[in-house]
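A short worksheet on the structure shown next.
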2 protein chains.
Amino acid sequence: MYFLEIKQAFEMDILIQHSKGTSDNGSTTEEKILHGACELFAHQGFQDTTVQQICRKADANIASVNYYFGSKGKLYIAAWTYAARLAEEVDGPIDESLPPEEWLRSVVQQRIKMMFSDGPGGWFPLLIHNEIHNQSVYFDEVVKTFLVRVRKQFNRKVAAYLGPEATPFQIESAVSAIMGFMPMAGQMRHHQKLQLDSDDLAQLTRQTQTYILGGLKAVKRLIQKEASR
Amino acid sequence: MYFLEIKQAFEMDILIQHSKGTSDNGSTTEEKILHGACELFAHQGFQDTTVQQICRKADANIASVNYYFGSKGKLYIAAWTYAARLAEEVDGPIDESLPPEEWLRSVVQQRIKMMFSDGPGGWFPLLIHNEIHNQSVYFDEVVKTFLVRVRKQFNRKVAAYLGPEATPFQIESAVSAIMGFMPMAGQMRHHQKLQLDSDDLAQLTRQTQTYILGGLKAVKRLIQKEASR
DNA sequence: GTCTATAGGGGGATAGAC
DNA sequence: GTCTATCCCCCTATAGAC
């Protein structure tokens, strides 16, 4: 039963998070700063995070950010790289050769898992979420380095699914609609104080997968109908 | 043909925007400040908008914001009320008695129209967009005053569509997924520099409607299947 | 009502002692 | 490497002249 598989994956994830321990702050001051900064940037974004907060969390002096990283901005970029590595540790890359539907299912499950994991594995999607909706001066750099590749993957998979009749604009629109589920998950995580257990997450995942694939299928029918006129 | 109807609605809208003229800044200093502030808050959010910018745009002195509105925060609240009124002028409230599918179609069309209109009619959804993704200290107040009602409307319509088997959590998840199209539209508006004409907007609207209703239908089937086990 | 000048706070960054 | 003290900039808000 597919639902049970998803649920078990979430339960497994909880175990892994605990065994790794979220207190893996690193030992040196530099590591502690990077780790703490990453968490703060992920939850508050670049602007709302101050150097003071970072140093307080890392038990370091106010001047150490500039000593080790040169500036708050360079630390921010370093945090992105760090978060991307952590996210890959929790959940490796998804098999590119999967057919579009399966690939989308996997991506949805992985992202929801990341989003709702309280651990460092969830920081990367949170960074993305914050940067997209509250652009810093590093937006272009960050998009080019970390996001373009993912977006292109989405485009390829959706294009393959929709068929050759779909125009680039239609593909773009569809991808945007699909990726809308990520802020959605972020919203549910942030504002609804409800604590979701692995059952809820499995259901949320299943429903989101169903919604996305159902929507996409309808769009495909629409495109084909219009093309055959 | 439904597609043509949508397209004509967009063309009409462009005419209306032009006839009203976006230079309706008001005459008194107070009105000019309110109008300019509203536009800036809509495009940049509360934090990133400074009193200096507002006064520059309104051709007013730096001290006049506090003279007329007491503080930047009170001006922000006033701007929300103002934007809500402007949005209603462009597009009156949607008929509550419509069946869920038609209601959702109308909402999608209206929101996309608002989002992509460069005029004051689009400021309200932009304010929402910014406040949700970059909360100010006025978040709770603004949500209570302007947003709770809309969210509840969505909940009712979606609950009616999904049927009595749907749990509150399932309804919430579905509504969140649906409302994800709004940030999506915001993204397309902001980052893709492409200028969309009324044809593009009509197509975007149609595709988004199809996507949402297709997704919702699939979710309904899923819920009914699970309930009948 | 409108203006200038300034207070008061907070942020990032750096010099220089240890 | 770590710390304190300080600089400089930008923000909001207000006092007081006109």
Side-chain angles (χ1 to χ4, degrees), chain A residues 25-82 127 130-131 134-142, chain B residues 25-82 127 130-131 134-142:
Chain A
N25 298 352
S27 42
T28 69
T29 301
E30 186 174 356
E31 282 166 356
K32 280 195 294 187
I33 288 175
L34 184 58
H35 193 85
C38 194
E39 180 170 0
L40 288 168
F41 284 139
H43 286 101
Q44 311 178 2
F46 179 73
Q47 287 232 29
D48 292 351
T49 301
T50 67
V51 175
Q52 212 175 19
Q53 286 178 314
I54 293 169
C55 293
R56 206 183 305 136
K57 185 174 266 286
D59 261 324
N61 185 269
I62 182 81
S64 38
V65 161
N66 287 296
Y67 178 76
Y68 284 108
F69 295 92
S71 73
K72 184 189 170 191
K74 287 181 189 162
L75 172 56
Y76 185 59
I77 301 295
W80 271 81
T81 307
Y82 181 66
L127 279 177
N130 271 310
E131 185 61 38
N134 190 10
Q135 296 181 23
S136 72
V137 287
Y138 303 97
F139 181 76
D140 287 338
E141 182 174 350
V142 152
Chain B
N25 299 350
S27 43
T28 69
T29 302
E30 185 173 357
E31 283 165 356
K32 281 195 292 185
I33 287 175
L34 184 57
H35 194 85
C38 195
E39 179 171 1
L40 287 167
F41 285 139
H43 286 100
Q44 310 178 3
F46 180 73
Q47 288 233 27
D48 292 351
T49 302
T50 69
V51 176
Q52 212 175 17
Q53 286 178 314
I54 294 169
C55 293
R56 204 183 307 136
K57 187 176 267 287
D59 261 326
N61 186 270
I62 182 81
S64 37
V65 160
N66 289 294
Y67 178 75
Y68 284 108
F69 296 93
S71 73
K72 183 189 172 189
K74 287 181 189 161
L75 172 57
Y76 185 60
I77 301 296
W80 271 80
T81 307
Y82 181 66
L127 279 178
N130 272 309
E131 184 61 37
N134 191 9
Q135 296 181 22
S136 72
V137 286
Y138 303 98
F139 181 76
D140 287 339
E141 183 175 350
V142 152

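Convention: sequence-line order gives letters A, B, ...; per-chain numbering from 1.
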*Would you check, one step at a time, whether the test side chain to side chain contact (heavy atoms under 4.5 Å, CB included) holds for Phe41(A) with Lys72(A)?*
CA-CA 11 Å; Phe41(A) 284 139; Lys72(A) 184 189 170 191; 4.3 Å; yes
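Taking atom CG of residue Leu40(A) and atom C1' of nucleotide dG11(C), one finds them 16 Å apart after rounding to whole Å. As a whole-Å value, the separation of Asp48(A) CG from dG12(C) C1' is 15 Å. Distance Tyr76(A) OH to dA13(C) P: 15 Å, rounded to the nearest Å. Atoms CD (Gln52(A)) and C1' (dT14(C)) sit 16 Å apart, rounded to a whole Å.
The side chain to side chain contact (heavy atoms under 4.5 Å, CB included) check on Ala60(B) picks up Thr29(B), Ile33(B), Ala58(B), Ser64(B), with sequence neighbours excluded. Residues forming a side chain to side chain contact (heavy atoms under 4.5 Å, CB included) with Thr50(A) (at least two apart in sequence, or on another chain): Gln52(A), Gln53(A). Taking the side chain to side chain contact (heavy atoms under 4.5 Å, CB included) definition, one finds that Glu131(B) meets it with Tyr76(B), Trp80(B), Gln135(B), Ser136(B), Phe139(B), Val142(B), sequence neighbours left out. Applying the side-chain hydrogen bond (donor to acceptor under 3.5 Å, both in side chains) criterion to Glu30(B), with sequence neighbours excluded, gives no partner residue.
For Ala60(B) and Phe46(A), each mapped to the nucleotide of DNA chain C holding its nearest heavy atom, the one lying further toward the 5' end belongs to Ala60(B).
Put simply, the side chain of Phe69(A) reaches to within 4.5 Å of the side chain of Leu34(A), judged on heavy atoms. At least one side-chain heavy atom of Ser71(A) sits less than 4.5 Å from a side-chain heavy atom of Lys74(A).
Using a 4.0 Å cut-off on heavy atoms, the residues of residues 62-72 of chain B that approach DNA chain C are Ile62(B), Ala63(B), Tyr67(B), Tyr68(B), listed by number.
The span of DNA chain D lying next to chain A, judged by atoms under 4.0 Å from heavy atoms, is bounded 5' to 3' by dG1(D) to dT4(D).
A donor-acceptor pair is defined here as one N or O able to donate and one able to accept, closer than 3.5 Å; no such pair exists between the side chain of Asn134(B) and the backbone of Asn134(A).
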